[in-house]
Amino acid sequence: MASFPDAGAFARLRAAGFVCAAARLTDYDLPRIGHTIGVGEDEIHAVMEVEASGGGFDRLKRPKMLFEPHVFWRNLAGTARTRAASLGLAYAAWKPGAYPTDSYPRLAQALAIDETAALKACSWGLGQILGENHIAAGYPTPQAMVAAFCDRGEAEHLAAMVRFIKANRLDDELRRHDWAGFAKGYNGASYAKHGYHTKLAAAFAKWAKIKDTPWSPGMGEPAPDPMTPMTGEVVAPPPAVAPAPPPVAQPAPTGGHFSAPPVAPAPAPAGGWLSTLLGRLRAAYPAKG
């Protein structure tokens, strides 16, 4: 069962202005996650490129986000809706050309009116998943979705996108490269007006010409070669060390952990036969006192 950030995670994220570590995808995330719905990295690349220009975070390390006033409108009622409309944050129907360069100031205003409705009104991350679709993406609340996107990085964005595709039964269209069918389900009935299907087809054609990362099911991401740093520069191996000379053979010990080296015998005195004769004479003729 999927785990989610703790209850205070979103509050801390909101206090930080949605700035986070912004962990990027690895080359292995695309084929690994795409495999769960039977597609390769080219199909995944195509959707990512069209939805979020290939990246899930902005230059400030916040999740890429687009605030949708018409979605905020439908998630509000009564005085909250009236207040949002008076501030230009909510209106009944989508309007072309109504998006600022940065949607976060609008989001900050909307959060002050209704936190959950504000988060539901935003498209988030690599797949630009609308907060309204948090259940289909695999999260109990939009707060949990946004916190997970920041806590786990782009790999989480991608996994959520794939879960959303599967929940809406769009994986068949993606496998068949039925870009019109996919765009209709993913981007809505106005997909053709915005050319989503042609953009997807063009992005897929581009990525299909680029060599894929070798990967197969059950293959984990290999550990990096310790001789190759992240820059790709190959480090020369350390110089070989000359082997030490073999030890001189020693006599086996006679017991215990230590034995004294053998003592060399004392040399025999010169003229040994004369000493022997004198000794015998002294014994035969003892001296008198």
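- Taking the side chain as every heavy atom from C-beta outward, His134 and Val146 never approach each other to under 4.5 Å.
- Classification of the Phe57-His157 ring pair by plane angle, with boundaries at 30° and 60°, yields tilted.
- Below 30°, between 30° and 60°, or above 60°: for Tyr191 and His197 the angle between ring planes is above 60°, a perpendicular geometry.
- Residues Glu156 and Asp151 fail the side-chain proximity criterion, which asks for heavy atoms closer than 4.5 Å.
- Exactly one of Glu43, Glu41, Glu49 qualifies for a side-chain hydrogen bond (donor to acceptor under 3.5 Å, both in side chains) with Trp207. That residue is Glu49.
- Considering Asp29, Asp27, Thr26, Leu30 as possible partners of Thr213, the one that fulfils the side chain to side chain contact (heavy atoms under 4.5 Å, CB included) test is Asp27.
- Between Tyr104 and Trp124, the ring-plane angle classifies as perpendicular under the 30° and 60° cut-offs.
- For the pair His35/Trp215, a side-chain contact is recorded, criterion being any heavy-atom separation below 4.5 Å from C-beta on.
- Heavy-atom minimum distance, Val47 versus Met161: CG1-SD, 3.6 Å.
- In terms of modelled atom types and a separation under 3.5 Å, the side chain of Glu154 and the main chain of Gly56 share a donor-acceptor contact.
- Of the possible polar contacts, none joining the Asn168 side chain to the Leu170 backbone as a donor-acceptor pair under 3.5 Å is found.
- Side-chain contact between Trp73 and Leu89: absent, with no pair of heavy atoms (C-beta onward) separated by less than 4.5 Å.
- Taking the side chain as every heavy atom from C-beta outward, Lys199 and Asn187 never approach each other to under 4.5 Å.
- Remark: Arg163 is positioned above the aromatic ring of Tyr139, its terminal NZ or CZ atom under 6.0 angstrom from the ring centre and at most 45 degrees off the axis.
- A centroid separation of less than 6.0 Å is found between the aromatic rings of Phe164 and Tyr186.
- Aromatic ring pairs are classed by plane angle as parallel below 30°, tilted from 30° to 60° and perpendicular above 60°; the pair Phe67 and Phe72 is perpendicular.
- Residues Thr116 and Lys120 meet the side-chain proximity criterion, which asks for heavy atoms closer than 4.5 Å.
- Leu126 approaches Ala52 most closely through the heavy-atom pair O-CB, 3.3 Å.
- Between Phe10 and Glu115, some side-chain heavy-atom pair lies under the 4.5 Å cut-off.
- Using a 4.5 Å cut-off on side-chain heavy atoms (C-beta onward), Pro69 and Arg106 make contact.
- Of all the heavy atoms in Pro142 and Gly131, the pair that sits closest is CB-O, 4.0 Å.
- The 12-atom threshold is not exceeded at CZ of Arg169, counting heavy atoms of other residues, nucleotides or ligands nearer than 6.0 Å.
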